[in-house]
Amino acid sequence: MSAAAKTPDRAPVSSKVDAVVVGAGFAGLYMVHRLRQAGLSVQGFEAGGDVGGTWYWNRYPGARCDIPSLLYSYTFSDELHDEWKWSEKYAPQPEILNYANHVADRFGLRSAFLFDTRVGDVTFNEATKRWTVKTDKGDTVEAQFCIMGTGCLSVPKEPDIKGHEDFKGLKIVTGRWPHEKIDFKGKKVALIGTGSSAIQSMPIIAAEAAEVYVFQRTPNFSLPALNAPLADAEVAAFNEGYAAYKEALRQGLPGIPLPPEDWEPNAEELKALTESLWNGMGLLSLSSIPKITRDRRINDAAADYVRAKVKELVKDPVLAQKLTPGNFPIATKRACVDTDYYVSFNRDNVKLVDLNDTPIERITAAGVKTSDAQYDVDILIFATGFDAMTGALMKMNITGRGGKSLRAEWAHGPRTYLGLQVAGFPNLFTVTGPGSPSVLSNMITSVEQHVDWIMDAIVNLRAKGKATMEATPTAQDAWVQHVNAEADQTLYGEANSWYLGANVPGKPRVFMPYVGQNYKIRIDEVAAKGYEGFQLAG
Ligand code: N01
């Protein structure tokens with residue numbers, strides 16, 4: 001369904017169901033599937049016009065996954081695995097969106113959702129022990145369970161540069177890319193930001209546009225995708241090991257290979273590991289380097305390797321120096337995986353504007369004005385990132401027990417138990433919530449692990465004849481302390497990253513993902529101990 005083909009106006013829905021699921025991305029789709037399999041009635045809501053979540057919205061040229069497609073796939077159905085064929089090592093956005101649509105159709109999930117519908121108020125009623133969910137379309141749905149599959153990177157930052165509303169040309173935010181094709185031919189383009197969205201899109205835009213000005217505040221580390229069609233032999237080799245891979249996931253593998261925890265690579269091993277950063281396995285080669293985010297010797301070796309590569313790839317040494325990341329340890333901001341990013345700066349029509357030398361003063365009707373020049377452009381692209389991990393949850397008005405608002409509870413940063421629940425918000429679950437590995441793992445693996453865990457918890461609650469399941473404040477405090485203690489042992493605090501909320505003015509600086517090892521083993525143990533740290537009541 002295209003953006004232009006909006007869902008027709010509809011009568012508001014008023015109903016009672018067992019569960020509400022918010023979001024029709026990979027989390028929401030699988031959650032609906034599991035709930036329905038267990039015989040629960042479900043109402044799903046999705047702000048977008050169709051399924052796909054992040055892959056529905058991020059349609060900018062060059063968007064593709066940054067871990068190999070064979071791993072960026074559901075594992076819950078062998079039939080689905082057998083019938084779906086990825087065409088490339090890193091599938092492009094349209095193909096991943098097709099996959100989400102295929103899953104929705106194959107398992108009949110679309111009918112559970114109301115699209116173009118944004119959830120607003122989510123309120124716990126202590127008398128009925130049910131949640132009331134209200135939407136911008138006037139729907140009111142009551143449910144025993146409320147599951148947030150709202151994504152970690154689903155709320156793009158609004159353009160916040162002075163004067164942006166004055167721009168008279170075409171203004172685009174990468175995370176809300178228009179559905180129609182944008183014609184860059186002969187156009188002058190300003191691209192603000194140098195995160196993954198900019199790094200993936202710039203080379204493709206530059207191949208078509210007359211001029212591209214890249215406005216860089218912080219140079220990023222980027223690794224080559226060496227993307228290619230997926231050969232049958234590669235797929236066959238993956239399938240050979242598929243049963244073992246699935247078993248490893250069941251045992252706790254976060255969907256990406258991890259080195260042994262106690263491995264201290266010697267100089268020779270470290271050299272080989274850093275050289276593997278150019279082998280096309282991108283983020284997998286980065287996370288295969290032991291202690292990369294904990295040990296400065298190891299981090300420096302990897303960072304220096306990439307820095308040297310930038311200098312090799314960019315012909316103009318002054319430009320190369322400006323593009324060389326320097327002021328934060330590699331991997332403490334999410335690294336990028338690119339196709340021809342650095343070499344595109346050798347093109348005559350690509351210009352870097354280093355905002356450290358010449359900051360943006362304002363956006364004007366004609367383009368971007370920096371301290372020393374005016375850049376007149378036809379198209380202005382904001383690739384300026386997201387209000388990550390908490391943005392979508394904080395956008396809703398979620399009120400728990402005793403009128404507790406989630407916004408107030410998280411005013412100083414998110415606090416959860418296991419990244420799955422918040423004390424005071426019974427039967428409300430967050431898929432890949434803050435305090436879980438989420439964005440540091442293979443997201444689809446984490447989604448499956450969380451959805452399966454939540455489903456088991458719901459089945460257990462019902463089997464015990466209880467009405468509510470709620471994290472205790474004590475368990476939550478201990479988990480938050482543990483999450484922080486784990487993060488404190490790393491170098492993550494040295495980067496101004498979205499992991500820390502540092503990219504959003506005024507957002508509390510708190511490291512949000514869980515960096516500890518064996519997360520799945522821990523949550524499975526909690527379940528095995530009768531949901532230790534949760535109170536089952538009613
Ligand atoms: O956003 P970002 P993104 N003036 O926050 C700059 C995932 N993802 O959309 O670093 C000038 O990384 C900002 O500068 P600085 C992936 O997890 C995955 O690119 O704050 N510049 C930065 O350069 C990724 O990490 C894929 O100094 C401003 C950029 O904008 C995450 O999404 C593809 C500015 C924002 O970079 C976010 O990526 C794309 C301002 N006012 C995204 N404000 C895959 O490959 C911000 N910036 C799967």
Side-chain angles (χ1 to χ4, degrees), residues 25-26 53-55 57-69 71-72 89-93 95-97 151-164 172-177 190-202 213-225 227 282-284 286 323 325-328 331-339 341 352-356 358-363 368 370 380-389 391 432 438-444 495-505 507 512-513:
F26 284 119
T54 197
W55 302 105
W57 296 106
N58 288 270
R59 295 166 184 248
Y60 60 81
R64 53 181 74 246
C65 50
D66 59 3
I67 62 164
S69 317
L71 302 180
Y72 194 73
K89 181 166 74 168
Y90 296 105
Q93 173 270 335
E95 191 171 335
I96 305 175
L97 187 58
C152 293
L153 293 156
S154 46
V155 178
K157 273 182 15 171
E158 292 301 325
D160 58 357
I161 301 175
K162 197 165 78 180
H164 71 87
I172 310 178
V173 175
T174 47
R176 292 285 179 267
W177 196 267
L191 178 59
I192 302 182
T194 49
S196 296
S197 305
I199 282 179
Q200 286 186 332
S201 55
M202 185 276 264
Y213 303 107
V214 179
F215 292 83
Q216 172 186 275
R217 198 161 63 178
T218 313
N220 228 323
F221 289 97
S222 190
L223 312 172
N227 193 33
L283 299 184
L284 295 195
L286 203 54
L323 286 164
N327 65 357
F328 62 96
T332 56
K333 260 185 164 180
R334 191 178 173 96
C336 308
V337 179
D338 73 275
T339 298
Y341 177 64
L352 183 77
V353 182
D354 187 336
L355 300 180
N356 297 302
T358 56
I360 296 177
E361 285 185 348
R362 61 172 299 130
I363 308 283
V368 183
T370 65
L380 173 58
I381 302 173
F382 286 89
T384 45
F386 297 85
D387 182 353
M389 303 197 69
T432 65
S438 61
V439 292
L440 300 178
S441 66
N442 176 342
M443 280 304 284
I444 298 199
N496 288 322
S497 70
W498 57 256
Y499 295 145
L500 277 156
N503 64 331
V504 176
K507 191 165 173 174
M512 294 182 281

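In each ligand, atom 1 is the first atom listed, and ligand 1 is the first ligand listed. Hydrogens, waters and symmetry mates play no part in the numbers below; they use all other heavy atoms, side chains included. Residue numbers run from 1 in the order of the sequence given.
- Considering only non-hydrogen atoms, atom 11 (C) of ligand 1 lies nearest to Leu355 out of Asn327, Asn503, Ile199, Leu355.
- Closest protein heavy atom to atom 23 (O) of ligand 1: Thr194 N, 2.8 Å.
- The protein non-hydrogen atom at the shortest distance from atom 43 (N) of ligand 1 is Lys157 NZ, 3.3 Å.
- The proximity of Thr174 to ligand 1, defined as any non-hydrogen pair under 4.0 Å, does not occur for either the backbone or the side chain.
- With salt bridges taken as basic N to acidic carboxylate O contacts below 4.0 Å, none links Arg217 and Asp354.
- The side chain of Tyr60, and not its backbone, has at least one atom closer than 4.0 Å to an atom of ligand 1 (non-hydrogen atoms only; side chain from C-beta on).
- The residue Gln216 has no part lying near ligand 1, judged by heavy-atom distances below 4.0 Å.
- Contact annotation: the side chain of Ser197 approaches that of Tyr60 to within less than 4.5 Å [non-hydrogen atoms, C-beta and beyond].
- Residues Val173 and Phe382 meet the side-chain proximity criterion, which asks for heavy atoms closer than 4.5 Å.
- Residue Arg217 has at least one nitrogen or oxygen atom sitting less than 3.5 Å from a nitrogen or oxygen atom of ligand 1, judged on distance alone.
- Residue Arg64 has at least one heavy-atom neighbour below 4.0 Å for each of these atoms of ligand 1: 44 (C), 45 (O), 48 (C).
- At a 4.0 Å heavy-atom cut-off, ligand 1 touches Thr218 through backbone and side chain alike.
- With rounding to the nearest 0.5 angstrom, the OH atom of Tyr499 is 8.5 Å from the OG1 atom of Thr332.
- With values rounded to the nearest 0.5 angstrom, Thr432 atom OG1 is found 7.0 Å from Met389 atom CE.
- Centroid-to-centroid, the aromatic rings of Tyr72 and Tyr90 stay 6.0 Å apart or farther.
- Remark: minimum distance from atom 32 (O) of ligand 1 to any protein heavy atom is reached at Leu153 CD1, 3.4 Å.
- Ile192 has its side chain within reach of Ile363: a pair of non-hydrogen atoms, C-beta onward, lies under 4.5 Å apart.
- Under a 4.0 Å heavy-atom criterion, Trp498 is in contact with ligand 1.
- The shortest N/O to N/O separation between Gln200 and ligand 1 falls below 3.5 Å.
- Proximity of Phe386 to ligand 1, defined as any heavy-atom pair under 4.0 Å, is confined to the side chain (atoms from C-beta onward).
- Ligand 1 does not have Val337 within reach: every non-hydrogen atom of the residue lies 4.0 Å or more from it.
- At a 4.0 Å heavy-atom cut-off, ligand 1 does not touch Val439 at all.
- Taking 4.5 Å as the limit, some side-chain heavy atom of Val368 sits within range of a side-chain heavy atom of Phe215.
- Residue contacts with ligand 1: Arg334 is placed with a nitrogen or oxygen under 3.5 Å of a nitrogen or oxygen of the ligand (distance criterion only).
- At least one donor-acceptor pair under 3.5 Å links the side chain of Lys89 to the backbone N or O of Ala225.
- Here the shortest heavy-atom distance to atom 30 (O) of ligand 1, taken over Ala388, Ala383, Gly195, Gly385, belongs to Ala383.
- Not one N or O of Asn496 is nearer than 3.5 Å to an N or O of ligand 1, by distance alone.
- Counting heavy atoms only, Ser197 comes closest to atom 3 (P) of ligand 1 of the residues Pro156, Ser197, Ala198.
- With Asn220 as the partner, the side-chain contact (heavy atoms from CB on, under 4.5 Å) test is satisfied by one option alone out of Ile199, Leu323, Asp338: Ile199.
- Relative to the ring axis of Trp177, Arg59 does not place its NZ or CZ within 45° and under 6.0 Å from the centre.
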